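Only a predicted model underlies this, so the values are computations on that prediction, with no experimental measurement involved.
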Amino acid sequence: MYRPVRTSRKLLALAATVALALPLAACAEGAEDSSSGDSGAKAEVTIGVGGKALMVYLPTTLADELGYFDEEGVDVTFNDLQGGSKALQALQGGSVDVVNGFYEHTIQMQAKNRDLKAFVAMLRYPSMVLAVSPQAKGIASVKDLKGKKVGVTAPGSSTDFFLKYLLKGNGLEPDAASVHGIGGDASALAAVENGQVDAAVLLEPSYSLLDKRAGAGKVKVLADTRTEEGVKEVFDVTSYPSAVLYSNADWVEENSETAGKMAKAIIRALDWIEQHSAQEIADKMPKEYGGDDPETYVAALEGAKDAYSQDGLIETEGAEAVAEVLKLSNPEVAEAELDVSKTFTNEFAEASS
């Protein structure tokens with residue numbers, strides 16, 4: 001039962017107790033905030049993307065458009081770059097915190113004694129297509145690319161690794177073709193259509209746009225990794241980790257809470273992709289991604305849906321296959337002692353499942 005304070009001595013004693021309790025409570029609250037590592041402010045992260053409009057990186061754009069990064073407590077800024085190698089350079093230079101690029105780069109850099117770590121996957125098939133320009137003549141197989149001009153997003157990018165692997169696998173030296181950086185979207189399409197290159201490693205939606213403009217069946221395809229069958233034919237595995245989020249290994253360790261939130265946002269986007277139609281997904285993308293042919297963009301997206309990961313995990317078998325591909329096309333990787341287990345972690349994806 002409440003009883004009023006009857007003497008000034010009791011009133012003074014109560015006031016002193018309250019005065020002492022308030023700073024102690026504030027200290028306790030501050031200590032709790034410190035231990036949680038979250039003061040309520042969003043983590044600020046700059047993501048370098050090797051061609052943001054490309055469908056291989058769509059889950060990252062979708063996560064942003066749906067507000068998932070924001071809901072998870074991460075304030076993201078994008079730095080759109082010409083290709084994966086440019087995004088890697090940005091990470092090394094410190095202008096981005098995280099790269100949305102291809103997993104190969106974590107292995108490439110381990111061979112240089114630099115530790116990178118992928119922490120969520122968004123593709124299980126690379127979705128790269130080696131196509132011949134409609135303007136080129138006499139190219140019926142990969143072997144016919146000897147001495148020809150072949151476009152990739154950027155030298156040193158995953159499209160470049162893919163080309164070198166195919167050349168080597170067909171009895172040619174990795175440098176048998178002349179490599180030209182043509183970007184990955186409109187610039188790549190123009191280079192192939194206009195005959196600036198004889199062939200190119202294309203990503204969606206560029207390939208579908210090329211195929212439509214040239215006329216169905218008129219574009220010669222030398223390799224296609226958009227499906228499980230294509231991945232099996234080219235790499236002899238059923239899953240090949242491709243587009244991921246990666247960063248310096250020490251950044252992932254020191255910012256594990258932020259990395260986990262980013263992984264969760266991506267997995268939420270992957271779930272959304274699985275549950276919605278290509279048209280619904282396209283409607284969430286920036287309008288300029290569809291260009292002047294939104295119907296072909298939707299059709300390409302319909303074909304690309306199966307390539308997206310369903311769980312964000314990287315399979316060890318697939319990671320080892322990537323290492324073997326790089327060994328064939330990159331002498332530095334071939335000579336290095338690799339431990340692919342150090343190039344990725346599934347802890348965040350597993351926690352988000």
Side-chain angles (χ1 to χ4, degrees), residues 43-70 72 74-106 108-109 116-123 126-128 152-162 181-188 201-206 241-248 251-252 258-259 261-263 265-270 273 281-282 284-291 297 300-301 304 307-309 312:
E44 296 183 359
V45 178
T46 301
I47 303 176
V49 189
K52 194 168 181 288
L54 298 174
M55 285 184 180
V56 291
Y57 303 129
L58 180 146
T60 305
T61 300
L62 181 62
D64 187 45
E65 294 292 327
L66 293 174
Y68 289 163
F69 286 121
D70 186 63
E72 295 299 333
V74 185
D75 183 7
V76 297
T77 300
F78 291 99
N79 191 346
D80 194 7
L81 300 156
Q82 183 184 22
S85 60
K86 301 294 185 183
L88 173 60
Q89 290 172 12
L91 179 68
Q92 292 176 299
S95 60
V96 303
D97 305 300
V98 172
V99 168
N100 188 185
F102 270 45
Y103 169 69
E104 282 100 327
H105 291 293
T106 67
Q108 176 197 16
M109 298 310 293
L116 303 183
K117 183 165 288 189
F119 56 92
V120 65
M122 54 197 72
L123 273 187
S127 300
M128 293 183 282
V152 298
T153 54
S157 66
S158 294
T159 51
D160 188 13
F161 295 153
F162 180 61
I182 59 173
D185 45 25
S187 60
V201 180
L202 298 175
L203 297 164
E204 293 288 18
S206 298
S242 308
V244 299
L245 291 184
Y246 72 78
S247 186
N248 295 304
W251 186 94
V252 176
T258 299
K261 291 176 178 179
M262 296 179 73
I266 293 297
I267 291 172
R268 289 176 66 187
L270 294 172
I273 289 171
I281 298 167
K284 294 296 182 181
M285 292 294 102
K287 296 301 182 184
E288 61 268 23
Y289 285 15
Y297 182 84
L301 185 50
Y308 293 116
S309 173

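- No side-chain heavy atom of Val49 sits less than 4.5 Å from a side-chain heavy atom of Thr61.
- Sorted by first and then second residue, the salt bridge (charged side-chain N to carboxylate O under 4.0 Å, His left out) pairs involving residues 56-70 (not counting sequence neighbours) are Lys42-Asp70.
- His105 approaches Ser158 most closely through the heavy-atom pair NE2-OG, 3.9 Å.
- Residues satisfying the side chain to side chain donor-acceptor pair (under 3.5 Å) criterion with Ser247, sequence neighbours excluded, are absent altogether.
- The shortest heavy-atom contact between Glu44 and Asp97 is O-OD2, 4.0 Å.
- In this view, Glu104 satisfies the salt bridge (charged side-chain N to carboxylate O under 4.0 Å, His left out) rule with no residue, not counting sequence neighbours.
- Between Val252 and Ala259, the shortest heavy-atom distance links the atoms CG1-CB, 4.5 Å.
- Among residues two or more places apart in sequence or in another chain, the side chain to side chain donor-acceptor pair (under 3.5 Å) test is passed with Thr106 by none.
- Atom-to-atom distance recorded for Tyr297:OH and Met285:CE is 5.5 Å, nearest 0.5 angstrom.
- Partners of Asp160 under the salt bridge (charged side-chain N to carboxylate O under 4.0 Å, His left out) rule, at least two apart in sequence or in another chain, are Lys164.
- Of all heavy-atom pairs spanning Ala269 and Leu62, the tightest one is O-CD2, 3.8 Å.
- In this structure, Lys284 NZ and Tyr289 OH are separated by 15.5 Å, a value rounded to the nearest 0.5 Å.
- A donor-acceptor pair under 3.5 Å links the side-chain atoms of Thr159 to the main chain of Thr153, judged by distance alone.
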Review point. Where do Met262 and Ile47 land on the side-chain contact (heavy atoms from CB on, under 4.5 Å) test, with the steps shown first?
Key: CA-CA 11 Å; Met262 296 179 73; Ile47 303 176; 3.7 Å; yes

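- Atom CG of residue Leu203 and atom CE of residue Met128 lie 7.0 Å apart, to the nearest 0.5 angstrom.
- To the nearest 0.5 Å, atoms OH (Tyr103) and NZ (Lys117) are separated by 10.5 Å.
- Summarising the geometry of Val244 relative to Met122, their closest heavy-atom pair is C-CE, 4.1 Å, with the distance given to 0.1 Å.
- The one candidate from Trp251, Phe78, Phe69 that meets the side chain to side chain contact (heavy atoms under 4.5 Å, CB included) condition with Val45 is Trp251.
- The side-chain contact (heavy atoms from CB on, under 4.5 Å) search around Ala300 returns Met55, Glu204, Pro205, Ser208, not counting sequence neighbours.
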Could you pull out all donor-acceptor pairs under 3.5 Å where a side-chain atom in residues 80-93 meets a protein atom, sequence neighbours excluded?
residue	atom	partner	partner atom	Å
Asp80	OD1	Lys52	N	2.8
Ser85	OG	Pro155	O	3.1

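- Contacts of Ser242 classified as side-chain contact (heavy atoms from CB on, under 4.5 Å), with partners at least two apart in sequence or in another chain: Phe102, Leu123, Pro126, Tyr240.
- Heavy-atom minimum distance, Gly183 versus Ala188: O-CB, 3.5 Å.
- When the side-chain contact (heavy atoms from CB on, under 4.5 Å) test is applied to Ala43, the partners found at least two apart in sequence or on another chain are Thr258.
- A 4.5 Å side-chain heavy-atom check between Leu301 and Leu58 finds at least one atom pair inside the cut-off.
- A 4.5 Å side-chain heavy-atom check between Asn248 and Leu116 finds at least one atom pair inside the cut-off.
- Residues forming a side chain to side chain donor-acceptor pair (under 3.5 Å) with Tyr308 (at least two apart in sequence, or on another chain): none.
- In this structure Thr60 satisfies the side chain to side chain donor-acceptor pair (under 3.5 Å) test together with Asn100, sequence neighbours excluded.
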